[in-house]
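As the structure is a prediction and not an experimental result, all values here were calculated from the model. No hydrogens, no waters, no symmetry mates; every other heavy atom, side chains included, goes into these values.
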Amino acid sequence: MDQSEDQILAEELAALGAVGGGSGRLVRVVAKLMRKEVHEVDLLLPLPFGDAVKRVSGVLGRAGRVVETVPVRPGEDETVRIVAGGGAGGLNPVVVTVRVLKADEDTSEVWLRAAAREGLVRQRAGEKTAVLLAAQLSRGTGEGRADG
């Protein structure tokens with residue numbers, strides 16, 4: 001992954017601040033000082049690797065803007081990262097990173113991580129986004145949740 005979660009969150013919050021008439025530079029600095037809320041979910045999808053990657057790409061593509069896709073080991077390991085809107089009104093940017101690993105011929109492991117910055121009011125945007133996307137990924141597949 002080229003950019004860190006922290007860099008992406010700071011840039012996204014700065015862009016929101018600039019739209020609202022604030023100083024993007026100041027918002028970027030303040031964003032780095034805010035508490036980061038992270039939630040992770042592990043899933044086992046009863047899908048071959050290629051089908052699992054397609055499902056993950058489709059669900060994430062509908063949930064937000066794709067930041068990057070990285071095939072770590074083609075045919076065995078791929079990572080997708082998006083920025084989605086979470087919290088009140090979908091205005092809190094959430095960086096979602098999903099890694100798909102080939103478990104065997106008919107099963108894939110999915111590691112989902114959602115991170116968001118929290119202000120004074122705790123919105124749990126990372127947790128809510130991770131749970132929602134995990135449910136969408138597993139819907140209709142008969143998946144098993146490894147932990148989360």
Side-chain angles (χ1 to χ4, degrees), residues 1-19 24 27-28 30-119 121-148:
M1 300 271 112
D2 289 339
Q3 286 186 297
S4 74
E5 285 175 343
D6 294 332
Q7 288 174 310
I8 295 169
L9 288 170
E11 293 299 320
E12 292 292 323
L13 287 168
L16 279 174
V19 167
V27 173
R28 190 176 296 109
V30 171
K32 290 180 180 181
L33 300 174
M34 296 168 68
R35 176 180 61 240
K36 184 164 69 170
E37 190 256 335
V38 176
H39 192 76
E40 296 180 0
V41 178
D42 295 320
L43 302 167
L44 288 173
L45 295 182
L47 296 170
F49 177 78
D51 293 342
V53 169
K54 286 179 190 172
R55 181 164 186 86
V56 165
S57 296
V59 168
L60 294 182
R62 289 187 297 277
R65 177 178 51 84
V66 175
V67 177
E68 55 190 328
T69 301
V70 180
V72 180
R73 287 185 318 244
E76 294 181 14
D77 186 349
E78 187 159 335
T79 302
V80 179
R81 180 173 277 171
I82 67 162
V83 175
L91 293 176
N92 190 3
V94 181
V95 175
V96 180
T97 305
V98 178
R99 185 172 181 189
V100 182
L101 297 160
K102 180 178 181 178
D104 59 39
E105 292 304 315
D106 298 322
T107 308
S108 299
E109 295 176 28
V110 176
W111 171 79
L112 187 149
R113 175 185 169 96
R117 292 291 182 182
E118 293 284 336
V121 177
R122 233 179 138 227
Q123 298 181 43
R124 296 187 343 261
E127 177 184 353
K128 290 176 182 178
T129 302
V131 169
L132 176 69
L133 290 174
Q136 290 175 359
L137 285 171
S138 61
R139 191 171 294 134
T141 65
E143 67 80 36
R145 187 166 167 168
D147 68 15

Please report the shortest heavy-atom distance between [X] and [Y], naming the atom on each side.
{"X": "Ala115", "Y": "Lys36", "answer": "CB-CD, 4.1 Å"}
{"X": "Ala114", "Y": "Thr129", "answer": "CB-CB, 4.5 Å"}
{"X": "Pro93", "Y": "Ala116", "answer": "O-CB, 3.7 Å"}
{"X": "Ala63", "Y": "Leu133", "answer": "CB-CD2, 3.6 Å"}
{"X": "Ser57", "Y": "Val80", "answer": "OG-CG2, 4.3 Å"}

Are [X] and [Y] packed together at the side-chain level, in the sense that at least one heavy-atom pair is separated by less than 4.5 angstrom?
{"X": "Glu40", "Y": "Trp111", "answer": "yes"}
{"X": "Arg113", "Y": "Val38", "answer": "yes"}
{"X": "Glu5", "Y": "Arg81", "answer": "yes"}

Determine whether a donor-acceptor pair (N or O, by modelled atom type, separation under 3.5 Å) exists between the side chain of [X] and the backbone of [Y].
{"X": "Glu109", "Y": "Leu101", "value": "no"}
{"X": "Ser108", "Y": "Leu45", "value": "no"}
{"X": "Asn92", "Y": "Arg117", "value": "yes"}

Practice problem: Given side-chain contact (heavy atoms from CB on, under 4.5 Å), test Val56 with Leu137 step by step and report yes or no. | Solution: CA-CA 7 Å; Val56 165; Leu137 285 171; 3.8 Å; yes
Quiz prompt | Glu118: salt bridge (charged side-chain N to carboxylate O under 4.0 Å, His left out) partners, not counting sequence neighbours | solution =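 Expected list: none.
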Quiz item: Excluding sequence neighbours, so at least two apart, what forms salt bridge (charged side-chain N to carboxylate O under 4.0 Å, His left out) with Arg122?
Solution: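 So Arg122 forms no salt bridge (charged side-chain N to carboxylate O under 4.0 Å, His left out) with any residue.
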Nearest 0.5 Å, please: how far is [atom2] in [Y] from [atom1] in [X]?
{"X": "Thr107", "Y": "Lys102", "atom1": "OG1", "atom2": "NZ", "result": "11.0 Å"}
{"X": "Gln123", "Y": "Lys128", "atom1": "CD", "atom2": "NZ", "result": "7.5 Å"}
{"X": "Ile8", "Y": "Thr97", "atom1": "CD1", "atom2": "OG1", "result": "7.0 Å"}

Self-check item: Verdict with reasoning, Leu112 to His39, per side-chain contact (heavy atoms from CB on, under 4.5 Å)
Solution: CA-CA 8 Å; Leu112 187 149; His39 192 76; over 6 Å; no
Quiz item: Out of Leu43, Val59, Val41, Val110, which residue meets the side chain to side chain contact (heavy atoms under 4.5 Å, CB included) rule with Val98?
Solution: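 Considering Leu43, Val59, Val41, Val110, a side chain to side chain contact (heavy atoms under 4.5 Å, CB included) with Val98 is found only for Val110.
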